[in-house]
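First up is the structure itself, then whatever we jot down about it.
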Number of protein chains: 4
Amino acid sequence: MSEIDAADALVISTDPLHPANLIPELCASFYRLGWVTGTGGGICIRTGDKVYIAPSGVQKERIEPGHIFVLPYPQPSSPSPHTDRIFLRRPKLNLKESACTPLFWNAFEQRDAGSCIHTHSQNAVMATLLWEGDMFEISHQMIKGVRKGGNGPTLSYLDTLKVPIIANTPNEEDLKDSMAEAMEKHPDAAAILVRRHGIYVWGDDWQKAKTQTECLDYLFEIAVKMKLAGIPTVLNDQ
Amino acid sequence: MSEIDAADALVISTDPLHPANLIPELCASFYRLGWVTGTGGGICIRTGDKVYIAPSGVQKERIEPGHIFVLPYPQPSSPSPHTDRIFLRRPKLNLKESACTPLFWNAFEQRDAGSCIHTHSQNAVMATLLWEGDMFEISHQMIKGVRKGGNGPTLSYLDTLKVPIIANTPNEEDLKDSMAEAMEKHPDAAAILVRRHGIYVWGDDWQKAKTQTECLDYLFEIAVKMKLAGIPTVLNDQ
Amino acid sequence: MSEIDAADALVISTDPLHPANLIPELCASFYRLGWVTGTGGGICIRTGDKVYIAPSGVQKERIEPGHIFVLPYPQPSSPSPHTDRIFLRRPKLNLKESACTPLFWNAFEQRDAGSCIHTHSQNAVMATLLWEGDMFEISHQMIKGVRKGGNGPTLSYLDTLKVPIIANTPNEEDLKDSMAEAMEKHPDAAAILVRRHGIYVWGDDWQKAKTQTECLDYLFEIAVKMKLAGIPTVLNDQ
Amino acid sequence: MSEIDAADALVISTDPLHPANLIPELCASFYRLGWVTGTGGGICIRTGDKVYIAPSGVQKERIEPGHIFVLPYPQPSSPSPHTDRIFLRRPKLNLKESACTPLFWNAFEQRDAGSCIHTHSQNAVMATLLWEGDMFEISHQMIKGVRKGGNGPTLSYLDTLKVPIIANTPNEEDLKDSMAEAMEKHPDAAAILVRRHGIYVWGDDWQKAKTQTECLDYLFEIAVKMKLAGIPTVLNDQ
């Protein structure tokens with residue numbers, strides 16, 4: 001087997017749960033949910049020392065396993081726009097890896113995540129518009145699918161879910177530092193909202209990252225409806 | 001055939017209408033309806049002396065027949081968090097049965113139900129927020145798909161549909177007593193709403209439980225739209 | 001071939017466009033559109049002297065060709081709750097023909113329709129709630145997919161679309177006379193709305209009935225949004 | 001191979017990315033998005049000197065490759081209702097080419113587009129109702145999937161997206177001149193909105209036309225929500 005064949009072998013598998021098969025399937029399902037409309041958003045999966053990442057700027061419901069990038073983890077230095085990345089496998093097509101790569105890396109490095117999802121969900125964006133401060137908050141809803149810090153124990157119905165909101169930047173990569181800072185300042189945060197843009201959610205594995213993204217999106221949807229109907233989204237128990 | 005094989009045989013069938021095949025299919029369709037987002041909700045089916053139940057905390061659109069629990073009905077004592085349950089078959093994976101089990105049991109014991117469905121539908125949750133008392137009410141809509149008590153004759157267009165609303169608890173199991181009490185107090189109730197959480201709906205069989213859940217969800221959706229548009233949801237004929 | 005086999009042969013065909021195959025497929029697609037939730041609604045197809053009708057009170061997304069009723073057209077007397085109907089073929093299961101049958105017959109007799117569709121669409125129902133009189137009206141929208149009377153020339157962008165609204169009755173069959181009366185009084189009407197219930201739409205064939213139902217539903221949806229946003233739905237050109 | 005066979009060969013291919021296969025697939029997916037309800041809307045694809053166009057007034061989710069028209073590009077004179085068009089291939093059925101043909105031609109001639117999409121999206125129509133002037137505007141949202149002029153560099157988060165709105169006409173073809181004029185007056189416009197009707201979006205190829213249509217539709221959706229919630233859609237940075 002030639003060197004190039006060995007690299008391609010990293011994305012060839014008959015197992016539907018192999019990351020190179022899962023990423024296309026999950027992206028197509030996120031498309032149907034309205035999370036990755038028009039090439040935006042996506043998911044990455046890390047299995048120990050390998051990171052599988054979708055290409056940038058492509059139709060997310062039409063990704064094929066052959067389009068997937070594989071990077072070693074950790075990288076000699078954390079990915080940034082100013083660092084040349086090292087790849088184990090790159091698609092032969094003229095594709096670039098997802099612009100979210102440095103942001104996904106935050107989730108790996110700061111939360112030991114096995115997967116990170118980025119959506120442009122309208123529910124998330126509306127939440128960042130209706131919550132004007134730097135924190136989205138909701139309580140007394142079905143928040144128990146969300147884990148403290150994204151990788152800890154699940155929240156209780158009696159907790160208040162808080163998701164930090166950071167400002168957007170023209171280039172996705174430039175969110176790296178402010179996202180990292182928000183994650184460090186709020187160790188219990190299970191996700192980071194980006195105002196007028198979307199959300200980053202992570203988890204121990206793709207299943208947890210996905211179900212937490214669904215829970216959070218559900219909560220943003222109900223919270224926006226409550227806010228517009230004049231119903232408070234946080235209750236005090238005492 | 002070994003003892004374990006005999007247990008597994010309970011969930012292996014080529015009949016698409018076998019409960020072990022139906023539950024995965026129906027859960028996937030509930031996922032597309034937004035009823036079981038992020039592992040929440042599900043359906044159980046009882047065929048005489050056997051109860052088929054999905055696992056807890058898993059992606060509901062990805063259940064497989066091999067994930068299904070089978071319990072004998074009746075149990076020596078009614079399932080509760082404080083009782084060890086008896087199983088006819090448990091998945092080999094490290095799964096726990098649905099946390100809704102004791103609530104499903106209410107529907108079997110109090111209404112002789114053949115199936116019970118739990119959703120986190122946004123329409124149901126919004127209804128519990130906009131109807132502040134302990135009863136959701138609507139009249140003069142297509143309520144005739146709903147049966148009195150969930151297992152009796154269908155309602156008429158001229159009846160008023162009433163669905164009791166109970167308070168939520170941090171742990172799903174702890175809803176057992178208040179749900180049972182509401183069912184006893186309101187023998188005509190076809191379902192129980194749980195404020196800030198969702199709904200439990202039952203029926204003589206899975207078809208009736210499913211179509212009644214659809215009817216009710218349709219009614220919550222239109223009722224919420226009416227309420228927000230300032231249209232009364234109950235009319236007096238006389 | 002026995003007599004019974006001959007009757008069953010009326011619903012057995014390998015042609016996907018045969019009415020007995022089309023009705024299940026179209027009902028499943030109407031289910032996905034939210035038009036026939038919880039057993040409500042449906043479609044009938046008439047090909048010359050035969051009428052194909054779905055059963056009543058069943059899950060509309062799970063109909064099979066073997067569930068289809070075939071009636072001769074015309075019937076000795078127009079179908080009503082007080083007339084025994086004549087069938088060319090009935091399913092062996094314990095099913096009853098759609099309760100809409102007498103209403104579908106109105107469309108055949110008064111407009112020579114080849115197909116009639118009934119939906120419980122929330123857009124249609126909301127339109128009947130927000131338009132309090134006996135007529136829904138909209139102009140200056142994409143109404144040109146709708147035909148005058150349902151079977152005539154298409155409307156122009158400069159016309160005003162008017163859809164009569166009749167009152168609901170507890171039993172579907174009892175709408176027959178008021179629907180017939182509204183169709184006679186408004187020969188240009190392409191459909192009849194039933195307040196707090198839904199809509200009946202017909203066309204020369206199933207394609208026209210379906211595309212007109214889609215156009216009308218689209219118009220109800222935009223009209224409801226416009227009304228709630230305070231935008232007038234009828235403009236005067238002069 | 002006879003002359004007729006040669007023409008039909010233009011729409012027969014086993015390649016799923018052949019325009020005659022893509023147009024049916026994309027139209028079906030636009031149907032699911034609610035963009036081409038009830039025969040309205042569609043997509044055309046130009047590959048160098050050949051233009052592939054769907055038929056007019058048919059169910060857009062049921063198009064087959066054999067329904068596709070093929071026209072040479074350029075035509076001796078630009079297509080208009082007053083010009084006989086030249087075809088390389090016409091379906092044998094009694095079909096007419098899309099009424100959008102002269103409007104698609106604007107995109108080819110003025111922007112050298114490889115594809116043009118027309119939708120009746122409710123988001124686009126609501127935007128034309130809530131923005132009463134001749135320009136839709138939004139800033140500080142995910143506009144970077146949209147290209148200047150539809151074929152230039154992508155916009156930046158800090159730009160303001162402007163989409164011209166032209167008045168509707170009873171016949172689709174009669175929009176040709178006002179659309180051409182708006183495109184000439186606004187060389188940076190990536191699309192043209194038609195008030196109370198829909199939108200035309202183009203791109204270098206079908207992928208870019210489609211992803212730009214998705215981005216724009218997403219922006220109309222969020223803009224309408226913002227407007228109705230009283231949130232300004234354009235911010236001034238300085």
Side-chain angles (χ1 to χ4, degrees), chain A residues 16-17 22 25-26 28-30 32-35 117 121 123 138-147 153-161 190-191 201 203 205-235 237, chain B residues 28 30-41 55-64 67 93-96 99-100 118-132 167-175 194-199 220-221 223-230:
Chain A
L17 297 182
L22 265 176
E25 183 200 338
L26 292 170
S29 110
F30 296 169
R32 288 190 293 272
L33 293 171
W35 290 358
I117 292 172
S121 160
N123 299 320
I138 194 167
S139 77
H140 295 82
Q141 284 289 345
M142 292 311 287
I143 65 175
K144 65 190 186 189
V146 182
R147 289 172 184 277
T154 52
L155 292 176
S156 149
Y157 179 68
L158 300 179
D159 291 327
T160 296
L161 170 75
V201 189
D205 49 36
W206 68 269
Q207 292 100 325
K208 290 206 178 75
K210 170 177 166 287
T211 56
Q212 291 196 84
T213 307
E214 287 179 1
C215 283
L216 288 164
D217 203 66
Y218 173 95
L219 293 166
F220 298 139
E221 184 180 352
I222 203 98
V224 166
K225 290 178 185 168
M226 291 172 77
K227 189 81 139 189
L228 293 177
I231 301 170
T233 56
V234 176
L235 298 186
D237 267 334
Chain B
F30 296 168
Y31 178 80
R32 289 191 292 271
L33 293 170
W35 290 358
V36 298
T37 300
T39 85
S56 163
V58 300
Q59 300 176 84
K60 289 294 184 295
E61 78 282 17
R62 290 177 174 266
I63 295 176
E64 295 171 19
H67 301 162
L93 301 163
N94 184 20
L95 293 172
K96 212 181 146 339
C100 306
H118 174 47
T119 88
H120 292 187
S121 159
Q122 298 241 339
N123 299 320
V125 173
M126 280 303 290
T128 69
L129 293 167
L130 291 170
W131 273 256
E132 297 184 6
N168 195 28
T169 55
N171 294 309
E172 198 107 8
E173 306 86 274
D174 296 335
L175 290 168
V194 185
R195 181 159 280 132
R196 300 172 173 277
H197 177 161
I199 191 168
F220 298 138
E221 183 179 353
V224 166
K225 289 178 186 169
M226 291 171 76
K227 189 81 140 189
L228 293 177

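Bear in mind that the values here come from a model prediction, so they are computed numbers and not experimental data. Per chain, numbering begins at 1; letters A, B, ... match sequence-line order.
The side-chain heavy atoms of B:Arg196 and A:Leu235, taken from C-beta on, include a pair separated by under 4.5 Å. Using a 4.5 Å heavy-atom threshold, the side chains of B:Leu130 and A:Ile231 count as touching. The shortest side-chain heavy-atom distance between A:Lys225 and B:Leu228 does not fall under the 4.5 Å cut-off.
No donor-acceptor pair under 3.5 Å is formed between the side chain of B:Gln59 and the backbone N or O of A:Thr211.
Between chain A and the residues B:Gly57, B:Pro170, B:Gly34, the most heavy-atom pairs under 4.5 angstrom are made by B:Pro170. Most heavy-atom pairs under 4.5 Å with chain A, from the set B:Asn168, B:Val125, B:Asn171: that is B:Asn168.
Separation of atoms CG (B:Leu129) and CD1 (A:Ile222) is listed at 6.0 Å; rounding is to 0.5 Å. To the nearest 0.5 Å, atom CD of residue A:Gln141 and atom NE2 of residue B:His120 are 10.5 Å apart. Atom CZ of B:Arg32 is separated from atom CG of A:Leu33 by 11.5 Å, given to the nearest 0.5 angstrom.
Ion pairing of A:Glu25 with B:Arg62 is present here, as a side-chain N (NZ or NE/NH1/NH2) and a carboxylate O approach within less than 4.0 Å. In summary, B:Glu61 and A:Lys210 engage in a salt bridge, as defined by a charged side-chain N under 4.0 Å from a carboxylate O.
For B:Glu132, no part sits under 4.5 Å from any heavy atom of chain A, backbone or side chain. Heavy atoms of A:Glu221 lying under 4.5 Å from chain B belong to its backbone as well as its side chain.
Checked against side-chain hydrogen bond (donor to acceptor under 3.5 Å, both in side chains), A:Trp206 has no partners two or more places apart in sequence or in another chain.
When all heavy atoms are compared, the tightest approach of A:Cys215 to B:Gly38 is SG-O, 3.8 Å.
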